[in-house]
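Accompanying notes for the structure given below.
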Amino acid sequence: MMMRNISIKVESGTRITEADASWLYRNAELGELGRLANRVNLRKNGNAVFYNINRHINPTNICALSCKFCAYSKKPGEAGGYAYEIDEMLVKAGEAVQQGATELHMVGGLHPRWNFQRYVDMISAMHKAYPEVHLKAFTAVELDWMARRAKKTIAEVMLELRDAGLGSFPGGGAEIFHAEVRDVICDTKVSGDQWIETHRTAHNLGIRSNCTMLYGHIENYDHRVDHMRRLRDLQDETGGFNVFIPLAFQPFQNEMGINRYTFGADDLRTIAVARLYLDNFKHIKSYWVMLGQDIAQLALQFGANDLDGTVVEEKISHAAGGRAGMIMTRNNLENLIRRSGRIPVERTTLYSPVHDHDLTHLTPIKNSEIDNQMSPDKAASLRELLLALENGDTTTPSGLWKVAMQAPLHEVTAALDAANHSTKQGQTLIESVTVKVDSSQSVGPFTAALRQALIQAESHVLNDAGHALTIVLDASELMKPMPMAEYVAATKSVSPASSIVLRGAASILATANSLGQKTTETLVDLRRAGLDVIEEATSDKNLSNSDKWLVFGCAQPAEIAVIPLITLKSLTNAPDWSTWADDVTEIRTRLATNALIYGVAFRVADNDLIMPCEYMKALALTRLALPSTVKIWTPITGMSVLAPLRGLGADHTMHPVMKLVSAARAFGSASLGFVSATEHHLERLCEDLRASGAAPRLMCPRQHDRSFSSQLLSNLSSLRHAP
Ligand code: V47
Ligand code: SF4
């Protein structure tokens with residue numbers, strides 16, 4: 001009801017209130033919120049997404065203040081401190097101009113020995129050398145510092161800098177305005193009111209500026225909304241802000257004891273709420289440096305219309321653990337934008353297209369993207385297909401292919417929400433914790449290694465959990481001529497309560513062939529030895545479809561469950577939607593006759609270039625196209641391919657891929673599948689899942705014959721959630 005009321009307000013151009021924004025933050029379904037924000041953005045900015053060619057130059061990291069969140073600053077004399085000479089800055093600026101930069105972004109610490117003239121000289125030298133480049137420099141905090149040192153008013157300082165060649169002010173130093181937070185994280189900085197007053201002064205002098213909000217530390221949603229309210233009020237008064245930039249907190253080396261990145265779901269929510277609440281702002285920036293490229297791209301579907309620039313040398317977030325890389329090329333930026341279905345437009349600092357012909361792309365979209373981009377006939381046929389999917393009707397591979405190729409992401413999520421799948425956004429299942437054993441050694445050492453692995457898994461993850469984890473054996477590694485059943489039996493004897501999974505259908509077929517057996521006979525033997533599940537391996541993609549389904553088909557009478565895999569591969573510039581559509585259709589058909597399809601795993605092919613937007617669309621469509629009775633697993637490893645954020649959280653910060661995992665819930669992901677006991681730091685993973693608003697719940701394959709010990713059950717109670 002509340003969402004409906006807010007939607008009606010937004011659609012009719014009525015302002016939403018602080019209470020509405022706060023409600024959206026706390027209660028809105030992410031998919032629905034994103035759709036609304038996306039519509040508002042399309043209406044304001046059309047299909048174009050801005051980027052710019054710029055370079056950051058941070059003149060010094062030596063700073064008189066000690067903000068608690070800042071990993072960048074150094075005290076005078078402290079190791080690692082630096083202060084560039086103006087000549088050094090000119091060299092950097094020259095390189096940037098060579099590479100086509102239209103903007104230099106300069107902010108830094110409050111150097112105790114720099115007087116105001118130094119800043120004026122800096123701007124003046126840069127402007128004289130490169131008059132065509134826009135100089136966006138100095139935060140309200142630095143301006144206050146200069147004014148106090150020079151005993152001038154802020155307005156005087158601003159005018160002198162402008163006369164020297166400064167173009168506009170960036171949005172830094174805003175952090176969170178509310179005193180409850182500001183007094184804790186940066187009590188010596190200018191107050192929220194002073195920050196606002198400084199930007200008011202700039203706007204009144206005709207100098208435009210940006211504004212930011214640092215979120216994801218100790219603030220709550222009300223503090224964020226209060227922050228945005230003050231910005232909206234000033235924008236009403238002056239209209240002088242170019243853009244709003246939410247800055248996701250980077251959690252290293254701070255004095256606040258926070259070691260968690262913001263979750264993707266929170267990043268996207270923040271972009272969307274900002275787009276809806278800040279109705280008097282034309283632009284919302286998805287700042288890739290803080291968000292990571294993956295979430296930054298998704299944010300373009302949640303209300304953002306600007307990716308910022310090439311950046312080149314960014315020190316503030318990287319000192320604090322930012323993992324996004326420092327440089328982005330024009331090609332990268334354009335690719336991220338194009339592959340999210342938008343049109344890249346290079347902009348100036350003040351948001352005009354650099355090339356006149358790009359103006360034509362900036363046409364607002366009044367109705368839906370479908371209506372805007374297709375003939376009425378095509379749009380009607382696409383709608384019909386989406387409706388069929390929503391109703392659970394069978395769809396042909398070519399129908400699926402067409403939807404995947406043509407439907408914008410949000411049309412798919414709308415159908416997914418309407419289909420009302422049993423998948424609850426709040427829940428993330430872990431389909432059992434797994435132990436993997438090197439099965440390429442002979443049975444004796446293998447058994448010893450298995451014991452060791454179980455002991456380690458227990459101590460590492462589940463304490464005294466009892467031997468009831470899932471054990472995954474890589475079928476392709478088992479010794480030749482393959483006494484597979486022997487290994488399964490050995491595994492069962494070491495750990496009778498565990499579920500045993502063989503990964504790799506091809507090797508099972510090869511075993512049957514080498515033993516001169518029928519596939520069914522081999523599978524019956526394996527079942528007798530204790531095998532519970534066959535999981536398709538990535539390497540099974542070399543197997544023909546009929547051979548694969550021969551193995552899976554024979555598994556059913558042997559009472560072995562199967563987990564087929566859908567791998568999203570890429571063609572030159574897009575996912576291979578055709579193969580994906582064939583795979584989904586095949587599984588859908590098989591589901592009608594095979595009751596032992598335990599789940600369907602969905603992942604991106606290793607080393608393949610699939611974009612987060614494409615992954616989410618494929619996930620939502622896969623969920624839509626398969627009956628809700630079958631679970632879809634989105635393994636962490638299958639998602640980490642997307643993000644350049646590699647590594648498995650071994651440093652005990654948040655699992656880097658968790659940014660995507662939390663966002664994927666809005667696109668139909670409810671299960672991570674098997675999670676490896678050693679690789680994934682299970683306790684931290686569960687803690688992160690909970691912090692991201694999900695309730696992790698541990699499942700076990702073959703529930704009907706699982707025999708968890710009471711010890712295990714009590715140890716796992718913290719992972720459990722009432723169904
Ligand atoms: O004010 C400091 C933030 C800001 C961390 O105007 C941190 O176009 C995250 O304002 N994690 C400076 N953020 C950067 C800034 C900016 C960046 C890009 C574009 C524009 C623009 C402005 O960086 C500071 C502070 O809020 N910051 N430490 C941190 N650990
Ligand atoms: Fe200094 Fe800025 Fe860091 Fe605060 S955030 S300590 S003012 S460099």
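Read the numbers this way: they start at 1 and go in the same order the structure lists the ligands and their atoms.
Ring centroid separation for the pair Phe281 and Phe241 comes in under the 6.0 Å cut-off.
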Show every donor-acceptor pair shorter than 3.5 Å between a side-chain atom in residues 91-102 and any protein atom, with sequence neighbours excluded, or say none if there are none.
unit_1: Lys92; atom_1: NZ; unit_2: Glu313; atom_2: OE1; d: 3.0
unit_1: Glu95; atom_1: OE1; unit_2: Arg55; atom_2: NH1; d: 2.8

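The backbone N or O of Leu278 sits less than 3.5 Å from a side-chain atom of Arg275, completing a donor-acceptor pair.
Annotation: salt bridge (charged side-chain N to carboxylate O under 4.0 Å, His left out) contacts of Asp236 (sequence neighbours excluded): Arg15.
Using bins of under 30°, 30° to 60° and over 60° for the plane-to-plane angle, the ring pair Phe138/Tyr119 lands in the perpendicular bin.
Between Ser286 and Leu300, the shortest heavy-atom contact is CB-CD2, 4.4 Å. Taking every heavy atom of both residues into account, Leu65 and Lys75 meet most closely at O-NZ, 2.8 Å.
Atom CG of Asp356 has 12 or fewer heavy atoms from other residues, nucleotides or ligands within 6.0 Å.
The residues lining ligand 1, counting any heavy atom closer than 4.0 Å, are Phe69, His105, Lys136, Pro170, Gly171, Gly172, Gly173, Glu175, Asn210, Thr212, Leu214, Ile245, Leu247, Ala248, Phe249, Gln250, Lys285, Tyr287, Met290, Ile316, Ala320.
Under 3.5 Å, the side chains of Asp267 and Tyr215 contain a donor-acceptor pair of N or O atoms.
For atom 1 (Fe) of ligand 2, the set of protein N/O/S atoms nearer than 2.8 Å consists of Cys63 SG, ordered by chain and number.
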